[in-house]
Amino acid sequence: MGEDVIEVKGSNEERATVKKGTTVGDVLKALYGKVDSRWIAAKVNGDLYDLSRPIYEAVQVEPVAIDSPEGLDILRHSTSHVMAQAVKELFPEAKVAIGPSIENGFYYDFDVSKPFTPEDLEKIEARMAEIVQEHLPFQRREMSRSEAIEFFRKMGETYKVELLENMEDGMVSLYQQGGFVDLCRGPHIPHTGYIKAFKLTGVAGAYWRGDERNPMLQRIYGTAFSDKKTLKKYLNFLEEAKRRDHRRLGRELDLFQFNEEVGPGMVIYHPKGAIIRQILEAFEKKEHLRRGYQIVIGPTLLKTELWKRSGHFDNYRENMYFTEVEGQSYGIKPMNCIAHMLIYKSKVRSYRDLPIRYFELGTVHRHEKSGVLHGLLRVRQFTQDDAHILCTPEQLQDEIKGVIDFVIDVMGIFGFPYEMEVSTRPEKSIGTDEDWDRATSALINALNDVGIPYEICEGEGAFYGPKIDVKLRDALDRRWQCATIQCDFTLPERFDLTYVGPDGQKHRPVMLHRVILGAMERFLGILIEHYAGAFPTWLAPVQAVVMTVTDNQLNYARKVYQQLVDAEVRVELDDRNEKLGFKIREAQLQKVPYMVIVGDREVEAGSINPRRRDGKQLGMMSVGEFVDLLERECREGSKGRVGLGII
RNA sequence: GCCGGCGUAGCUCAGCGGUAGAGCAGCUGAUUCGUAAUCAGCAGGUCACCGGUUCAAAUCCGGUCGCCGGCUCCA
């Protein structure tokens with residue numbers, strides 16, 4: 001083989017020999033014998049490369065298509081560069097910060113004296129469309145970091161300079177399309193013409209480097225897809241999500257309200273919302289009792305002295321509400337742990353008593369910043385399905401595993417997809433390294449034991465210990481923390497909790513805070529969006545509506561209604577003087593699982609005629625048969641845990 | 001808390017310096033009807049709140065409160 005040629009491999013058996021310095025694009029052509037217009041970049045020995053980049057060594061090359069996950073990432077990243085170009089052309093004084101691709105799109109942050117208006121966005125979008133038409137190539141070049149610093153300093157791009165100054169690399173890469181140059185690792189699409197479908201979706205303030213002490217930049221969000229059809233599909237999904245929004249469904253289904261006169265972040269449950277919560281709470285009590293938890297109830301108001309001892313006053317004061325009664329300062333609980341500590345302390349505990357698991361549906365108040373409130377998903381008063389487990393260090397891992405199993409079991413019943421994260425020691429934290437290591441590995445070992453995937457979030461733990469968080473997604477795919485399992489080293493110590501070991505000596509128990517659903521409010525919000533308001537029968541606030549064809553069947557319908565009430569079915573009677581179709585439509589819009597139709601034929605036969613929410617008519621049956629059917633359906637939907645009449 | 005947008009009837013929205021509107025919901029009456037909207041009539045508003053500009057403010061300006069989308073923070 002000559003010195004100026006190299007052998008390259010494809011992803012399967014493809015082989016080719018090319019000259020040194022051949023571009024990635026030409027290598028692909030040699031390997032696969034074709035040029036696919038969907039190919040926008042390639043993986044060279046696993047690293048992403050531009051098609052225009054030359055190859056000098058024997059490598060393995062694999063194409064990246066524009067509609068693959070990695071391809072979409074590249075496309076969106078390139079689109080963010082095009083947006084930045086348009087912004088720089090229209091607003092030359094704007095300084096650019098960062099512009100990555102994100103889940104479902106991209107953004108770019110700019111420092112501008114005046115925030116962008118929606119009209120600005122239209123202009124930017126229009127200019128971007130022109131740039132796309134120009135088919136400007138993305139050109140890569142490399143320079144030393146110090147050269148790059150000088151380069152961007154001359155341009156007045158102070159944010160790029162700051163980024164570069166914080167980098168370690170000796171060489172950095174720059175990308176240019178048209179007159180716009182950006183510091184960037186790449187790769188990019190070959191030219192701007194590859195952008196077939198994009199849309200700017202919004203503008204918002206965002207702190208430089210995500211730190212609220214830094215200046216606020218203007219962030220423009222957008223998205224891009226490989227073709228117009230998929231973009232359309234995505235925009236439709238956003239429309240669909242609006243219809244699933246729990247705030248909208250909460251009003252339409254008469255579940256709850258927020259009231260300006262009451263105050264922000266305070267939920268008022270209407271009868272139909274309250275009954276769902278009652279079902280969830282009844283379900284939770286049963287599930288906890290059968291797993292060896294004891295139900296306890298603590299007070300809402302505790303003396304401020306106690307919050308000082310627990311550390312909340314020092315670490316959590318801004319989020320707490322305080323009040324004064326008879327010259328004594330009290331704090332409203334933002335967490336439920338304190339009373340549980342005091343219950344533990346109420347007598348001498350033996351190692352034989354452990355583990356102790358205290359469960360409380362505890363209502364807490366947290367003064368959340370006004371801008372973060374969000375329907376039921378982020379409120380100021382909420383009820384946690386909270387528990388504190390006190391155990392010996394030896395029992396810790398099994399206890400964690402027990403909680404993980406509990407979470408998996410419950411999520412399985414609701415059919416939620418979820419993601420788990422382990423958060424490790426943050427900078428600002430207390431406790432010894434040994435404690436942290438032991439607890440962190442206990443969490444990780446337990447997850448490995450159970451065999452479910454998880455992400456590690458370095459430095460994201462609570463100041464008092466590492467934790468496992470379980471995240472659920474709302475209708476818009478935003479992630480919300482629900483279940484959490486947190487180790488705590490400080491509270492057992494601050495409250496001097498002990499147990500007597502087999503050696504007759506006092507020992508310090510280990511403590512876990514944990515919630516399964518998290519907050520009832522947040523969980524209900526996710527629940528509403530997950531089912532789009534069409535709750536399964538075991539959770540539906542109204543399981544059936546009895547409706548007559550004409551007023552002639554009213555007396556009979558009232559009897560049927562009463563029989564269903566007696567069987568503990570959540571049932572309503574629609575005795576309005578309306579046509580059947582109208583009543584069905586209303587029940588349908590209320591997403592009631594069953595409509596129980598009663599006409600002359602049913603009166604005659606002493607039966608009822610149920611119609612399911614999906615339109616299926618079940619035919620005539622007796623009330624008893626219908627009750628059995630509902631009971632069965634509740635049991636099936638809740639994996640056997642909940643039947644009729646749970647409360 | 002920060003950046004931007006928005007607050008008109010119970011709900012969805014129109015009106016954007018010159019007498020507050022529609023559809024749905026509600027009420028009354030008629031109709032007695034078989035699986036997603038029967039017909040007719042009636043009633044319903046401090047245009048979020050406070051202040052300013054103007055002969056005149058729902059409309060323009062400022063402030064407050066609330067909501068929405070983000071950022072930061074979190075169950």
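These figures come from a predicted structure and were not determined experimentally. Labels below follow one simple rule: chain letters A, B, ... track the order of the sequence lines, proteins then strands, and each chain is numbered from 1.
In the interface, the side chain of A/Asn552 is not paired with the base of B/rU32 through any donor and acceptor atom under 3.5 Å apart. Checked by distance alone, A/Gln257 brings no side-chain donor or acceptor within 3.5 Å of a matching partner on the base of B/rG10. Contact annotation: side chain of A/Tyr207 to base of B/rG70, donor-acceptor pair absent below 3.5 Å. For B/rC74, its base sits under 3.5 Å from the side chain of A/Arg522 at one donor and acceptor pair at least.
Base contact: A/Glu578 has a heavy atom under 4.0 Å from a base atom. Residue A/Arg478 is in sugar-phosphate contact alone, with no base atom involved, counting any heavy-atom pair closer than 4.0 Å across all strands shown. At the heavy-atom level, A/Leu589 lies under 4.0 Å from base atoms of the strands shown. Among the atoms of the strands shown, base atoms are found under 4.0 Å from some heavy atom of A/Ala204. The residue A/Gly371 sits close to a base: some heavy atom pair falls under 4.0 Å. Base engagement by A/Arg378 is indicated by at least one non-hydrogen atom pair under 4.0 Å involving a base atom. A/Arg251 comes within 4.0 angstrom of the backbone, heavy atoms only, and of no base. Using a 4.0 Å heavy-atom distance criterion, A/Gln381 is classed as making no nucleic acid contact. Within the nucleic acid shown, A/Asp469 has no heavy atom closer than 4.0 Å to any nucleic acid atom. The residue A/Asp386 sits apart from the nucleic acid: no heavy atom pair falls under 4.0 Å.
Nearest nucleotide to the A/Tyr221 side chain, out of B/rC71, B/rU35, B/rC65: B/rC71. Proximity note for A/Gln481 (side chain, C-beta onward) versus B/rU72, B/rG7, B/rA75: the nearest is B/rA75. For A/Ile584, taking side-chain heavy atoms from C-beta onward, the closest of the listed nucleotides B/rU72, B/rG26, B/rU35 is B/rU35. The A/Val549 side chain lies nearest to B/rC33 when the options are B/rC3, B/rC33, B/rA37. Closest to the side chain of A/Val379, from the set B/rU38, B/rC71, B/rA75, is B/rA75. Among B/rG69, B/rG1, B/rA75, the nucleotide with an atom closest to any side-chain atom of A/Ser370 is B/rG1. Counting only heavy atoms from C-beta on, A/Gln617 has its side chain closest to B/rU35 among B/rG4, B/rU35, B/rU32. When distances are taken from the side chain of A/Phe582 to each of B/rU38, B/rU12, B/rA75, the shortest belongs to B/rU38. The A/Gln384 side chain lies nearest to B/rA75 when the options are B/rC71, B/rA75, B/rC33.
Under the 4.0 Å criterion applied to side-chain N and carboxylate O atoms, A/Arg357 and A/Glu399 are assigned as salt-bridge partners.
The only member of A/Thr383, A/Thr363, A/Asp386 that meets side-chain hydrogen bond (donor to acceptor under 3.5 Å, both in side chains) when paired with A/Asn336 is A/Asp386.
A distance of about 36 Å separates the P atoms of B/rU59 and B/rU72, rounded to the whole Å.
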Residue pair A/His312, A/Ile338: steps toward the side-chain contact (heavy atoms from CB on, under 4.5 Å) verdict: CA-CA 10 Å; A/His312 286 86; A/Ile338 309 299; 4.2 Å; yes

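A 3.5 Å limit on both hydrogen-bonding distances identifies no Watson-Crick or G-U partner for B/rA57.
Using cut-offs of 30° and 60° on the angle between ring planes, the pair A/Phe359 and A/His288 is parallel.
At a cut-off of 3.5 Å, with distance as the only test, a side-chain donor of A/Thr484 or A/Asp469 sits close to an acceptor on the other residue. A side-chain donor-acceptor contact under 3.5 Å links A/Tyr269 and A/Glu521.
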